[in-house]
Amino acid sequence: MLTIKDLDVSIAGEDKPVIKGFSLEVKPGEVHAVMGPNGSGKSTLSYVLAGRDGYEVTGGTVTFMGQDLLEMEPEERAAAGIFLAMQYPVEIPGVANSYFLRQAVNALKKARGEPAMSAADFMKKLKAKAEEIGIRPEFLKRDVNAGFSGGEKKRNEILQLAMLEPRLCILDETDSGLDIDALRTVSDGVNALRTPDRAMIVITHYQRLLDYIVPDHVHVMADGKIRKSGGKELALELEEQGYEGLLGRAA
Amino acid sequence: MTAIARRPVSRHTAPVPAFAELFEHEQQHLPGSEAAALDAWRRTRFARFETTGLPTQRVEHWKYTNIAKVANVAMGLASRPEVKLDDVQRYFAGGPLARRLIFVNGHLATELSHVGGLPEGVVIKGLDVMLRDDPDRVLAALAEDRALDASGPHSFADLNAAFLQSGAWIEVADDIVLERPIQLLFLTVGEASAVMTHPHIIVKLGARAKAHLIESHVGVKDGHCLTNLVADYEVGAGARLDHDRLQLGAAGTTFIGLNRIRIGEKGELKQTVATLGGTLVRNETDMHLQGSFIEAQLNGVYMPIESEHVDNVIRVHHEQPDGHSDQFYKGLALDKAKAAFAGKIFVYKDAQRTNAFQTNNNLLLSDDAEIDSKPELEIYADDVKCSHGATCGELDPVALFYLRSRGLDRDEAESLLTYAFAAEVLERFTDPAVMKLAQERLIARTPGGANLTDML
């Protein structure tokens with residue numbers, strides 16, 4: 001589904017590489033956890049995959065469902081099925097949450113040549129999904145993320161995820177700022193979306209999230225590349241030894 | 001050193017003779033002209049206007065607007081064209097029970113208005129009626145306002161007084177809570193020649209009174225028309241005024257509004273103003289917090305397009321302790337439009353524990369557009385919390401990416417963010433119908449806004 005080969009990335013306008021020779025293969029149905037200390041390049045990876053400006057790919061390739069991902073605009077990537085749940089979701093006062101979601105759902109349908117969803121069908125689905133994720137109905141009427149707490153913003157990202165039904169979900173530090181109850185509901189929301197044809201990349205600093213969203217593969221990233229890969233037990237090992245213990249001083 | 005001889009700097013420009021000719025011709029026909037005191041007052045104010053002249057851009061408060069260009073021209077007094085109820089109804093706001101005065105080119109349209117069933121202690125009248133029936137009362141009210149005019153004569157206030165003809169007189173006695181909103185709907189209908197109108201709004205809320213006032217200034221036909229409005233809002237001790245003002249001017253119209261607000265102890269004001277049309281719009285507000293523990297919130301948004309020009313000047317005077325004022329103004333300029341915001345907060349020596357805040361954020365959407373923002377503080381008390389912040393920029397690239405990553409293309413994302421920037425202020429309107437009218441106009445002004453129409 002997703003093949004990243006020898007990817008090199010710098011911050012635009014700076015010479016210093018942030019991602020250096022990163023490779024990863026993600027197959028349908030798999031959940032990959034990417035862990036790493038601050039500054040290891042985890043968030044940069046998620047932005048590069050979603051198509052945010054400000055990064056320069058200086059080497060390597062990214063292929064998603066047979067297409068060259070790096071040539072695509074962010075909205076084309078969304079239409080192809082990529083979704084990034086952001087670490088810091090953006091507040092958009094002035095636009096109601098439900099309206100924004102309907103625009104997004106129908107924009108994706110349009111790009112895929114599918115008919116738009118009726119307002120009634122959309123609202124029915126939205127209310128059902130919101131209930132599953134533990135979002136109270138009034139949050140649908142409120143402006144997008146405006147005045148939401150950290151946890152409410154993260155839940156809202158998962159609601160978008162549930163509504164947009166992507167093929168590849170990238171969760172960037174979805175656990176940050178969540179208390180234990182919120183972590184559980186958000187994880188339940190994510191787990192409900194695990195299907196044989198959908199893949200996930202879960203980026204996190206801590207092992208905690210992986211107790212709830214159990215990965216098939218764990219990769220430890222440091223200094224812009226994967227330093228160690230393994231099964232879910234690698235996360236536990238990391239929890240015990242720390243990044244330095246696992247990877248040595250260089251981490 | 002050699003002394004350089006300078007010509008005196010001219011801060012004002014002399015009015016064209018047409019003003020004097022018009023005043024001599026019309027003065028005896030103005031309502032209440034048979035009352036000697038009112039007549040004398042009008043003449044005094046006109047004489048002062050003649051002496052002062054019109055401000056040039058060298059006058060601090062007029063720095064961003066060349067007003068003489070549009071206002072110092074020969075104009076007649078506006079007539080009262082016919083309007084159909086159908087053309088008016090779409091601007092109705094305040095719900096089916098609202099009391100409503102409707103003005104056409106400054107003239108009260110009695111047959112369209114509805115102010116029935118008023119409780120005792122509430123007066124809602126055309127100012128022309130008050131000028132005829134009780135000129136001394138009006139004069140007394142205006143004299144109080146004149147005392148506020150510490151910064152020297154105001155040319156347009158003088159001109160308004162000289163041609164004072166109509167407007168609204170609203171009084172709510174102590175302890176009366178008016179549940180039903182009051183709407184003042186001013187329609188401007190362009191005429192074949194250049195015309196002007198000088199309405200005056202007087203609102204007096206007694207102690208602990210409550211009212212919701214909606215003011216709509218709508219251009220229904222393009223044409224050269226100057227509206228020179230003076231509005232005096234008095235909010236008594238413990239009283240509350242919710243004030244929505246929607247300005248939808250048409251092409252060719254100039255709107256000059258001077259708003260004077262006085263609030264008494266523990267009084268509350270929530271005002272929201274949207275300027276979404278008009279060739280030249282000037283919103284000048286002078287607000288005095290005259291008692292302690294006052295809460296005042298001023299919200300505003302302006303969005304000139306094409307070659308429109310909007311100029312906002314706000315002065316907030318914290319005269320007494322423990323007051324709280326909050327200004328939240330946002331501006332957008334497109335095409336070749338110009339916008340200005342100059343806001344100043346004065347904290348007087350006695351006004352300890354004042355909280356006064358001002359935010360002015362602007363979005364510049366074209367290389368040919370211009371926005372000037374000038375926030376100022378002048379503080380004479382030592383125990384205060386005051387802040388002002390002004391920004392001027394383009395759409396937030398992070399927000400644009402966020403929307404695009406959810407599937408909206410660049411144009412859709414830009415339209416939605418442009419709309420959202422202004423809509424945040426519109427959400428502060430108290431009346432839902434005003435909010436919807438403003439949102440519709442905002443969508444019509446937003447590039448690519450056609451995609452957004454299903455939002456409402």
Side-chain angles (χ1 to χ4, degrees), chain A residues 46-47 49-55 72-86 88-96 98-112 116 118-119 122 141-147 153 156-157 160-161 163-166 170 172, chain B residues 272 274 276 299 301 303 328 330-332 359 361 363 391 394-429 432 435-436 438-443 445-446 448-456:
Chain A
S46 70
Y47 285 138
L49 293 178
R52 183 169 162 176
D53 283 346
Y55 301 97
M72 295 158 75
E73 296 292 335
E75 59 269 30
E76 292 170 337
R77 300 182 194 206
I82 285 186
F83 180 94
L84 168 62
M86 295 204 199
Y88 303 108
V90 179
E91 297 192 9
I92 311 174
V95 175
S98 58
Y99 176 78
F100 166 54
L101 261 171
R102 186 152 64 94
Q103 290 290 93
V105 165
N106 284 333
L108 291 182
K109 287 199 177 287
K110 192 174 137 197
R112 293 167 188 161
S118 78
F122 171 82
K141 289 183 195 151
R142 281 174 58 178
D143 290 345
V144 181
N145 292 327
K153 282 181 185 170
N156 206 31
E157 291 290 283
Q160 293 178 13
L161 174 58
M163 289 301 289
L164 299 180
E165 299 176 333
I170 306 161
D172 186 10
Chain B
T272 306
L276 299 168
N299 307 305
V301 62
M303 185 188 197
F328 181 65
K330 293 180 97 172
L332 304 85
T359 306
N361 296 331
L363 195 52
T391 61
E394 298 168 359
L395 290 169
D396 176 11
V398 179
L400 268 178
F401 167 66
Y402 188 61
L403 297 192
R404 294 177 72 194
S405 78
R406 300 300 182 252
L408 278 68
D409 68 30
R410 181 181 281 277
D411 289 346
E412 289 167 343
E414 285 180 353
S415 291
L416 190 58
L417 285 181
T418 303
Y419 171 86
F421 185 86
E424 185 186 11
V425 179
L426 303 184
E427 289 178 351
R428 298 189 178 203
F429 274 125
M435 194 193 305
K436 189 153 184 280
Q439 287 168 334
E440 283 169 5
R441 181 62 70 100
L442 168 59
I443 283 175
R445 299 198 141 217
T446 300
N451 289 327
L452 302 171
T453 44
D454 60 345
M455 180 187 297
L456 305 180

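Residue numbers start from 1 in every chain, and the chains themselves are labelled A, B, ... in the order their sequence lines are given, proteins ahead of strands.
With a threshold of 4.5 angstrom between heavy atoms, A:Gln160 approaches chain B through side-chain atoms but not through N, CA, C or O. Using a 4.5 Å cut-off between heavy atoms, B:Leu452 contacts chain A through both its backbone and its side chain. Of the atoms belonging to B:Asn451, it is backbone heavy atoms, and not side-chain ones, that fall under 4.5 Å from chain A. Only the side chain of A:Asp143 comes within less than 4.5 Å of a heavy atom of chain B; its backbone N, CA, C and O stay farther away. Heavy atoms closer than 4.5 Å to chain A are found nowhere in B:Leu426, neither backbone nor side chain. Proximity to chain B (any heavy atom under 4.5 Å) is shown, for A:Ala79, by neither the backbone nor the side chain. Residue contact with chain A, scored on non-hydrogen atoms closer than 4.5 Å, involves the side chain of B:Glu412 exclusively. Interface residue A:Ala85: only backbone heavy atoms are found under 4.5 Å from chain B. Proximity to chain B is absent for every atom of A:Arg77, based on heavy atoms less than 4.5 angstrom apart.
B:Glu427 and A:Val95 make their closest contact through OE2-N, 4.4 Å (heavy atoms, listed as atom of the first residue, atom of the second, distance). Scanning both residues, B:Ala423 and A:Gly94, for their nearest heavy atoms gives CB-O, 3.6 Å. The two atoms that bring B:Phe401 and A:Gly51 nearest to each other are CE1-C, 3.6 Å, heavy atoms only. Shortest non-hydrogen contact noted between A:Ala107 and B:Gly407 is CB-O, 3.4 Å.
To the nearest 0.5 angstrom, A:Glu75 atom CD is 9.0 Å from B:Asp411 atom CG. Here the NZ-CG distance, from A:Lys110 to B:Leu408, works out to 9.5 Å after rounding to the nearest 0.5 Å.
If you tally non-hydrogen atom pairs under 4.5 Å between each of A:Ala111, A:Ala104, A:Pro74, A:Ala96 and chain B, the highest count goes to A:Pro74. Heavy-atom pairs under 4.5 Å with chain A peak, among B:Ala420, B:Ala413, B:Pro397, at B:Ala420.
Between A:Met86 and B:Ser405, the closest side-chain pair of non-hydrogen atoms falls below 4.5 Å. At a threshold of 4.5 Å between non-hydrogen side-chain atoms, the residues A:Tyr99 and B:Leu416 count as touching. At least one side-chain heavy atom of A:Ile92 sits less than 4.5 Å from a side-chain heavy atom of B:Leu403.
Ion pairing between a basic and an acidic side chain is recognised when a charged N comes within 4.0 Å of a carboxylate O; B:Arg406 and A:Glu157 show such pairing.
Within a 6.0 Å radius of OH in A:Tyr88, other residues, nucleotides and ligands contribute 12 heavy atoms or fewer.
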